[in-house]
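All heavy atoms count here, side chains included; hydrogens, waters and symmetry mates do not. Chain A is the first sequence line, chain B the second, and so forth, proteins listed ahead of strands; every chain is numbered from 1.
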Amino acid sequence: MGKKHQTPLLDELKKGKWISFVREMERAAEKSERTEDLLGQVEESYRDKVNHWKHGGMAGVRGYGAGMVGRFSEYPDKYPGIKECHSMRIIPSAGFFYNSDFLRKLADISEKHAGGLLNFHGATGNIQILGMSQAEAEDVFQAVAELGFDLGGSGSDLRTPSCCAGQARCEFANYDTMKICRHLTEEYLDELHRPAFNYKFKFKFSGCSNDCVASAARSDLAFIGTWKDKIKINQDEVKNYAKKFNVQKYVLDKCPTKCMWFESENLVIDDENCVKCMHCINELPKALKPGDERGCSILIGAKAPLVTGPRMGMMLVPFYDVNEDAKNDYEWIKSLISNMWEFWDEYGVSRERIGELIGRVGLNTFLEGIGLEPIPEMVEHPRSNPFIKFTEDEEE
Amino acid sequence: MGKKHQTPLLDELKKGKWISFVREMERAAEKSERTEDLLGQVEESYRDKVNHWKHGGMAGVRGYGAGMVGRFSEYPDKYPGIKECHSMRIIPSAGFFYNSDFLRKLADISEKHAGGLLNFHGATGNIQILGMSQAEAEDVFQAVAELGFDLGGSGSDLRTPSCCAGQARCEFANYDTMKICRHLTEEYLDELHRPAFNYKFKFKFSGCSNDCVASAARSDLAFIGTWKDKIKINQDEVKNYAKKFNVQKYVLDKCPTKCMWFESENLVIDDENCVKCMHCINELPKALKPGDERGCSILIGAKAPLVTGPRMGMMLVPFYDVNEDAKNDYEWIKSLISNMWEFWDEYGVSRERIGELIGRVGLNTFLEGIGLEPIPEMVEHPRSNPFIKFTEDEEE
Amino acid sequence: MAEEVKKKRLTDIGPHDYNEYLSPMIKNNYGKWVYHEIIDPGTMVHVAESGDKLYTVRMGSPRLVSGSFVRDICDIADKYCGGHLRFTTRNNVEFLIEDEKNVEPLKKDLEKMGYNVGGIGNIVANIVHTQGWVHCHTSASDASGVVKSVMDELYEYFIEDKLPSKVRIAFACCLNMCGSVSSSDIAIVGTHRKPPRIDAERLRNLCEIPSTIASCPTNSIRPDTIDGKPGVKVNEETCVFCGSCYTVCPAMPIANAENDGLSIWVGGKVSNARTKPTFSKLAIPFIANDPPRWPGVVNAVKTILNEYKKGAEPGERVGEWIDRIGWPRFFKLTGFPFTKYHIDDFRLAETTMNYSSHARL
Amino acid sequence: MAEEVKKKRLTDIGPHDYNEYLSPMIKNNYGKWVYHEIIDPGTMVHVAESGDKLYTVRMGSPRLVSGSFVRDICDIADKYCGGHLRFTTRNNVEFLIEDEKNVEPLKKDLEKMGYNVGGIGNIVANIVHTQGWVHCHTSASDASGVVKSVMDELYEYFIEDKLPSKVRIAFACCLNMCGSVSSSDIAIVGTHRKPPRIDAERLRNLCEIPSTIASCPTNSIRPDTIDGKPGVKVNEETCVFCGSCYTVCPAMPIANAENDGLSIWVGGKVSNARTKPTFSKLAIPFIANDPPRWPGVVNAVKTILNEYKKGAEPGERVGEWIDRIGWPRFFKLTGFPFTKYHIDDFRLAETTMNYSSHARL
Ligand code: SRM
Ligand code: SRM
Ligand code: SRM
Ligand code: SRM
Ligand code: SF4
Ligand code: SF4
Ligand code: SF4
Ligand code: SF4
Ligand code: SF4
Ligand code: SF4
Ligand code: SF4
Ligand code: SF4
């Protein structure tokens, strides 16, 4: 293609040791005029200190209400290649495992039909192909579909679920994150493709409370692996670690409930008081393992700051027997999800995430609505204000 | 007087080892028909499970808008002695120190003019004489005044300040609680006697962060002793304690900032990280003492639950050089207080405590209003939501 | 002017000078105490730089006392303390003794007279409390009677030091919570469960409508027209029975013999020692009034205290113990049911949830 | 029906079966890993019950990549990993190696090609970030350029393990905060400082007034009549420049070249290890956009990292370090001024105050 735009400012970002996105854009621009134009517009943003995209605009694939984000240049005449510069979201392989065959073919598609630029991955977990016009959308989609991949979520729908590597490559996984991730994506394909919710809804699955997919911070429903029985201790390995570093100081003293101690040389854990935080297991992976009765906790309502402030996921179900439920095609969780969505549909307002709805109507109302009992694990502590709403049904 | 009313239920409360208020009422009733009637009405409450007082009603002393609480029986015919049963609040001696001479005379007054029942002390700290009619108010007041005692606060005024024993009987006191308590009571006598505030306002003074007068929980302005320099350590005494109990476990491990440790046998404190919580000093009183640069912290806004929920005092001034200011008749604190009251007067609404006002308008607005700079000690942590209100004056 | 003849009328004389009441030893050592030692639950000694020793004997008080009580303690003070005595911030009496050999005789005399000596160290402190049926129009329960019943049951813990730390119990007869009730190790609070009744006629005469409306924490009071005249109505769906409106407007009585009672709160503290001050949290939403001996409340408090005594480590306040074992275990140990009432639904409710996967399973 | 002829059009085929991409070793040991060891910041090994060992080499990625990049990593995967590779949740590439002797050659090849190997252990992790000026209409700053500038400066911390714990930095170009930005060790967030401008005409055509009004966190948008037609007005006294209205209504642009920039937040975390997940807190309210190398932000992040490295104990995340030393000391050490902007004034502001006498003096 050859360099059409001068990009002195962006060129500064080719210096330094960290891999440069500008180099990536240039490599793509070598084959794509539209990415050359993108470079030009971004350079202009660098000069003006302001972005040069028009607000939103439509883009999509027939039959789908989601999966593409429309993007139009503010200066279509100056940068005709990005007059339209939409991106397409593609459901990733769970755990982000791929092979070279698929990736090469996808690279080809992105160069053939779009700007040759991709995101591995978007913040929600989709593969994104950037720089596409509406006219090409169907072709790209069919090409991708032929590789066995489908469009991801966008808008007021179920967003593409994602998960940590889990049992595929991690000894800490308490359940099969990839399996349930794929299963529920499949189950709710329609909810994902055809936005009909009040707002977006996200699932994420982490195999343990290290939460490597950051589910607690950014998914309406976070599934975080845990266990019910005792941590398994290999005392010999404990002793090995104790030779190498100060286990008392760096492990025991940092246990949030101080439920571990040494009796002579042996490590003792008061498992009844363990909150499954993973710290000791992280530090002593050869010596300690989660117990055998495994499952996950379900946290609800995490989201970004707008409109009422950022929210972290809050404990809804301390122990969900996901491994058992897997045998029944995850029936229990599906019925819980449908109760939630019904409640959200009925009581939520437009652009209100489920966490905000619970904040607004109160946890009790929500629990009643979805048929769960209040339990102390849901709260940091019971109420401290005395404004109790006694109801008739509770009186003797 | 002889027993006029049968009190089978109250009689149950004369049993048991703890000193019985019923016995006290009976002892008073022996000399006072009105207290006999009070016993009768309380017995009736015990039977009906409901109180039998009319709501409020006026009572007072000429020239004063405060100092008496009016109380009228619901059944004046049945219990004529307590048709009126007001109580009078009397400013205590600071630190609640008395002698027998004064107390005897007060007992006499209470028997002569009221029901012979007293509270040592009311929850705010006043001496209360119970069971008085409006007609007797002036006589009681003059009799009390002759003993050198004045009326306390009630209604929307400055309430009677109170303090811990402080330097009079406690080695932990960082400043003279009794002196400032008396001084400010004197200074604001008019504000105490003639309610002109939006609502009540309370001062309490504790000599250290043990807060033996519970100022942090129940006073609009809480003065809590602290120090700035290093904790004084007597290493020999530390060693003595270490022989007696597990100092590491019960003292060091419980330091909120873990800023103490042993180096060989010697205790080391990283004073820069000490939050002056008093724990180590409490546990090792012979070994540790507050430093020499003493003063107090000022916390603002504590109050009971109604209407917006209970509030704890929040840090306003981390170190107030009260000992120095004492030399100037507490000028600095008085000007701070008058700034606060002006702000409260201007922006507060009726029945809004100052803590609620700060909650409503925001701490920054309040700080600007009273002329204090924002500092990090005021907050548990900086904001975590991104909704920053940038103002013109701050831009370069 | 007519006023002039009354010139001698005393007024605005201000607070009494406490110096008059300080014993010579206190005056000499004011601000110069160096340490104290607790000798037994009724006695402690403060030692000054000068070497002077001041002994304190603490005695329980029901706070609501007769003139005769006052004379009793004055007699003791005269006999052993040169007439000097004080009260504590929790309403106990303290005898300030300069001569060590007066300590034991003083205590004997008190015990002979039926008074309770104790309350120092790791004890159940005297219960701070309010007026109750004895004097307050807004009370949902009696105060002194509940306190007496609880203290009788916990008596051993006042006179002996056998708890992990101090336990402060507080009582308030309504949600106004006179006292530091909302941040006590154990708090007992008078509680209504029915909305206020409206006496339309009295309301017109006695109440200011805007302030009545503003008094409600849940915005449940709305202006209304009753018989063509201005009044208010209460939204019973949202009313939380707090009685705030009654405090402001006598024409909205809320007391209800069948439905009033007490709630139990735990784990608060005021001191800054170790942890920051913190509020008490709901343990039992409601126990019906059951005079004269309030067995429900007494048992609840006893249950908490027993579990605390069994489970807490030395030096742990009730709240620190619960924080360590977790609320689910607190409810399991005490057997108190966890209900929807325990889940906060007031203004800052969302800040009280468990935003983590931490759970004891 | 016309539809029938298009029957072969693929649609709704659902998520791909990941099993197709799992290497034989992973399939055999699925769910049966027993432990892992970090060999160096670029390499770790997972050991299975069977004794099988899976080596992982991690490589940095700018996330916004070209087809050529994809082919590069595919070549490597083919050469050493039977074509198997994955991406991490923070956008790194991971090569999954079954044969230990392929590890070092693979790393050499990557380095030869100019790729960065590292990111495992106590490192600065790859910065998760968003679109910025490259693709998003609401961005207050660029994303990739800031990230590149910061990572260049922190490069040594990606390839070497010399920090007390992992440091996760995240970037978002506006307050929508795509990503787990609001709970990162260090967060960099695009920030506006001027209210939106209103384009009355476009507003009428493009925006739904009720949802525009509802989008505002501070209720600063009110219905208004502009030239006799329905519109909105903004209360500039209360607007907090969040851009939420612009997200909903294109006719309310808020970007402003002179006044846009970045804010810095610290001390958040997502994991439940030790402490509960927590949000990042404001460190620096505003740093002007300064492309192409954003020295202001780079220095700020470097300053935090340096102090953290100097002061934190092994295993302490940034937030745990600050909790231990206290916020006043954090501001003192970094030299960042503490301002009124640091004091929360939003919805739950009152819960962030210091309700105690605890203070480092
Ligand atoms: C592409 C992506 C950022 C990226 O560079 O990776 C993205 C990009 C946009 N996000 Fe996002 N969000 C992306 C993940 C997220 C996440 C992270 C996550 O899902 O884990 C969040 C925070 C978690 C959450 O959902 O709260 C997130 C919170 C938002 C919000 C705020 C939502 C809220 O409830 O507060 C908005 C505003 C909105 O919904 O209108 C938003 C809106 C947007 C829009 C559509 C802009 C807009 O004003 O409508 C952006 C389109 C940019 C573009 O040109 O492509 N984006 N957005 C991510 C999606 C890629 C993917 O599908 O894989
Ligand atoms: C007598 C006393 C209780 C006692 O038995 O000791 C008391 C008694 C009453 N208080 Fe109180 N309060 C008493 C100390 C307190 C305290 C504790 C303190 O001052 O340390 C508090 C909590 C701290 C605080 O101020 O927030 C307290 C918080 C209230 C409130 C709630 C105020 C609020 O802002 O939430 C009310 C309601 C009101 O102000 O209308 C109240 C109202 C009342 C009224 C006047 C009843 C009413 O509805 O107006 C009570 C009169 C009872 C009577 O018949 O004597 N009382 N009140 C205490 C005053 C004695 C004294 O002066 O020494
Ligand atoms: C006499 C009194 C002050 C007064 O001016 O009247 C007082 C006196 C002492 N207090 Fe106190 N405190 C007194 C009420 C309080 C209160 C207020 C209250 O209970 O309403 C508190 C805060 C309560 C709370 O946190 O909820 C209080 C929290 C402390 C603490 C901190 C305890 C803790 O670990 O949390 C100490 C330190 C200690 O005990 O080691 C302390 C220590 C002391 C010492 C040892 C100080 C000294 O060296 O003289 C005194 C004897 C302790 C004892 O009773 O065992 N004092 N102390 C009060 C006695 C009340 C009573 O009759 O029971
Ligand atoms: C590969 C990846 C999962 C994936 O499916 O892609 C992963 C993999 C591992 N994580 Fe993670 N974590 C991954 C993202 C995360 C995230 C999410 C994030 O950063 O957005 C978190 C939560 C971050 C937070 O708390 O803010 C996360 C919190 C942890 C923790 C808890 C650390 C802590 O002490 O707070 C551990 C335990 C540890 O490191 O000891 C952990 C431990 C691990 C282990 C050791 C687990 C194992 O045995 O395989 C893995 C290698 C650690 C390493 O990189 O040093 N992983 N880990 C992610 C790599 C991201 C990257 O490229 O840098
Ligand atoms: S969340 Fe747990 S199971 Fe999943 S990758 Fe991280 S450490 Fe492993
Ligand atoms: S998992 Fe966490 S809570 Fe449980 S024993 Fe280990 S460190 Fe303690
Ligand atoms: S608050 Fe401190 S100074 Fe005052 S009596 Fe209690 S321990 Fe002593
Ligand atoms: S006073 Fe408190 S914070 Fe300071 S060293 Fe002692 S225990 Fe630690
Ligand atoms: S707590 Fe309520 S009922 Fe009891 S004295 Fe105070 S205001 Fe009266
Ligand atoms: S009792 Fe409380 S909640 Fe109910 S109407 Fe009155 S003020 Fe409102
Ligand atoms: S953070 Fe804001 S500007 Fe950046 S991609 Fe997300 S919505 Fe767009
Ligand atoms: S920028 Fe934010 S605060 Fe300002 S008007 Fe728009 S939505 Fe409201």
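For A:D108, the parts sitting under 4.5 Å from any heavy atom of chain D are the backbone and the side chain alike. Within the 4.5 angstrom heavy-atom criterion, only side-chain atoms of A:E111, from C-beta onward, approach chain D. A:A302 does not touch chain D: none of its heavy atoms, backbone or side chain, sits under 4.5 Å away. Contact annotation for A:F141: only side-chain heavy atoms (C-beta onward) come within less than 4.5 Å of a heavy atom of chain D. Both the backbone and the side chain of A:C85 come within contact range of chain D, with heavy atoms under 4.5 Å apart. Only the side chain of A:L130 comes within contact range of chain D, with heavy atoms under 4.5 Å apart.
Note: D:Y246 and A:H55 have perpendicular aromatic rings, judged against thresholds of 30 and 60 degrees for the angle between ring planes. Taking the six-membered ring where tryptophan is involved, the planes of D:H16 and A:F102 are essentially parallel, since the angle between them stays under 30° and well short of 60°.
Counting only heavy atoms from C-beta outward, the side chains of A:P310 and D:M177 never approach each other to under 4.5 Å. Between D:C136 and A:R71 there is a side-chain heavy-atom pair separated by less than 4.5 Å. Between A:L306 and D:C242 there is a side-chain heavy-atom pair separated by less than 4.5 Å.
Contacts with chain D were tallied for A:K249, A:K286, A:Q128, A:K54; A:K286 has the most, counting heavy-atom pairs under 4.5 Å. Your options are D:G60, D:C178, D:P62, and the one with the most heavy-atom pairs under 4.5 Å with chain A is D:P62.
Results of the side chain to side chain contact (heavy atoms under 4.5 Å, CB included) test with D:K148 over A:I19, A:V22, A:L13 single out A:L13 as the only residue that passes. Of the candidates D:L154, D:D152, D:I127, D:D152 is the only one forming a side chain to side chain contact (heavy atoms under 4.5 Å, CB included) with A:W18.
Relative to the six-membered ring of D:Y115, A:R23 meets both conditions, a distance below 6.0 Å and an angle of at most 45° to the axis.
Formation of a donor-acceptor pair under 3.5 Å by the D:D260 side chain with backbone atoms of A:K49 is not found in this model.
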>> Go through it in stages, so that I can follow the logic: the residues are A:V69 and D:Q131, the test is side-chain contact (heavy atoms from CB on, under 4.5 Å), and I'd like the CA-CA distance, side-chain angles, deciding distance and then a yes or no.
In response: CA-CA 12 Å; A:V69 174; D:Q131 297 294 335; over 6 Å; no
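Across every non-hydrogen atom of D:Y30 and A:D176, the tightest pair is OH-OD1, 2.5 Å.
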